Number of protein chains: 2
Amino acid sequence: MAITLYELAGADPAIRFSPYCWRIRLALAHKGLAVKGVAWRFTEKSKIAFAKTERVPVLVDAGKTIVDSWRIAEYLDETYDLHPPLLGGTPAHLRFLNAWTDGVVHPAIARIVLKDIHDVLAPDDQAYFRETRERAFGMTLEQVVADRDTTGVAALRAALAPIRTVLRAQPWLGGEAHDYADYILLGSLQWARSVSRFPLLAEDDPIAEWHARGLQLFDGLLAHARRA
Amino acid sequence: MAITLYELAGADPAIRFSPYCWRIRLALAHKGLAVKGVAWRFTEKSKIAFAKTERVPVLVDAGKTIVDSWRIAEYLDETYDLHPPLLGGTPAHLRFLNAWTDGVVHPAIARIVLKDIHDVLAPDDQAYFRETRERAFGMTLEQVVADRDTTGVAALRAALAPIRTVLRAQPWLGGEAHDYADYILLGSLQWARSVSRFPLLAEDDPIAEWHARGLQLFDGLLAHARRA
């Protein structure tokens, strides 16, 4: 029985854009596991109620249901331990990169692509997204991204400085080979890439060179994904 | 032959304050290795010229000289591999925490304690420190720390948010046990603690609870260190 992954999708069901779902897509490819993706939308709460969650990714494997991207990555390492590890020899060490990406990089990317996310959503999701995000930011979606060409993109690029430092010392965030460390941040960039054409990285940014390599992993899983 | 560690010192040679040297002090204690600390001051370049560097830590062990805290940690794991590992099963995964601490946490702490550092230094070092740091910051030491009670400390506490996220999931940055992940950030806090009485963390900050545990490690190595 194939693994099933519930993934956040746009009005076009082929547009899958959740950074957390992309982490797991990459993790499954890393493990060489086949997956059946199921498009899910923000307002389809009942569709994943069986997993006792309101958010994706939700992974179903051999009758087991696992939620939360970090927990799914742990599950894949525990269950498919003959495959190359995702989280490395000391998984606890990756929690910081995961927390920093969620807490620092995601808000910085949201300031740039929040309106673009809205624009790819199905009508019901658009209303839900606008209401919940405008309440969270305390301003309209349009206001959130108003300065994205100047302070917005500058803030993201500045925040990514420690990633540049790491990539000066080693080719992948995982070291000599890519692993979940890379998939965490690649997932974040794919989130933006799926919904927007806005260039997050300067062309001469060393992170752009790493990103170009990441796009080609697993037969171009990220490079060939549907974009808005 | 004991291991020798050249450490940055104040006018009072018992005040050792470099965050990078504290990382190595903790790393040596983790490995159960004895060390002879040698006080070194910014302007004593000739004293470490043998190591072809102008910065500490410099470690000398069995005729070998190693510089740079990260490289020293790697050396200790390679050389003393029967002792508990410092860098864990995938050392490359710790580079990000190291780079983030150096590049984000250190500037934020400097904005708070820069003048305090100056004040503990020997006279020759004071002149050197003021000149080099005021050139780097483009303002006087006094101006750098002028808003430390308000925006300065708020910026540091906000930047530490991903650490709080990790400490909600596990007791140490290293996971169930402390390791170099913890020593990286403990070294940074010890830098401030050695030169200043300014409270970097709010009392109810979960990081303060972790810090209190860290201060007691290795018979209170950090807790009992000389402070200004």
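Residue numbers start from 1 in every chain, and the chains themselves are labelled A, B, ... in the order their sequence lines are given, proteins ahead of strands. Source: prediction; values computed, not measured.
- Residue with the most contacts toward chain A among B/Ala161, B/Gly175, B/Gly174: B/Gly174 (heavy-atom pairs, distance under 4.5 Å).
- For B/Asp81, the CG atom is densely surrounded, since the number of other residues' heavy atoms within 6.0 Å is greater than 12.
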Discussion item. Set out, in order, the CA-CA distance, both residues' side-chain angles and the distance that settles side chain to side chain contact (heavy atoms under 4.5 Å, CB included) for A/Ile163 and B/Phe96, then state yes or no.
Written reply: CA-CA 7 Å; A/Ile163 295 291; B/Phe96 178 72; 3.5 Å; yes
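- Around CD of B/Gln170, the count of heavy atoms belonging to other residues, nucleotides or ligands within 6.0 Å exceeds 12.
- Other residues, nucleotides and ligands place more than 12 heavy atoms under 6.0 Å from the CD atom of B/Glu142.
- Around the CD atom of A/Glu203, the shell of radius 6.0 Å holds no more than 12 heavy atoms that belong to other residues, nucleotides or ligands.
- Neither the backbone nor the side chain of A/Asp102 comes within contact range of chain B, judged by heavy atoms closer than 4.5 Å.
- The part of B/Leu173 that comes within reach of chain A is its backbone (N, CA, C, O), which places non-hydrogen atoms under 4.5 angstrom from that chain.
- For a residue to count as touching a neighbouring chain, one of its non-hydrogen atoms must lie under 4.5 Å from one of that chain's; by this rule B/Leu87 touches chain A with the backbone only.
- Crowding of A/Arg133 atom CZ: a count of heavy atoms from other residues, nucleotides or ligands under 6.0 Å exceeding 12.
- Distance alone, capped at 3.5 Å, is enough to place a donor-acceptor pair between the A/Thr90 side chain and the B/Gly89 backbone.
- Considering only heavy-atom pairs separated by less than 4.5 Å from chain A, the leading option among B/Val104, B/Leu97, B/Thr101 is B/Leu97.
- Within 6.0 Å of the CZ atom in A/Arg157, the count of heavy atoms belonging to other residues, nucleotides or ligands exceeds 12.
- Residues A/Thr165 and B/Arg95 form no side-chain contact, since every pair of their non-hydrogen atoms from C-beta on lies 4.5 Å or further apart.
- In this structure, A/Leu94 CG and B/Leu94 CG are separated by 9.0 Å, a value rounded to the nearest 0.5 Å.
- Between A/Ala99 and B/Pro162, the shortest heavy-atom distance links the atoms CB-O, 3.7 Å.
- With a 4.5 Å cut-off on non-hydrogen atoms, B/Asn98 does not touch chain A at all.
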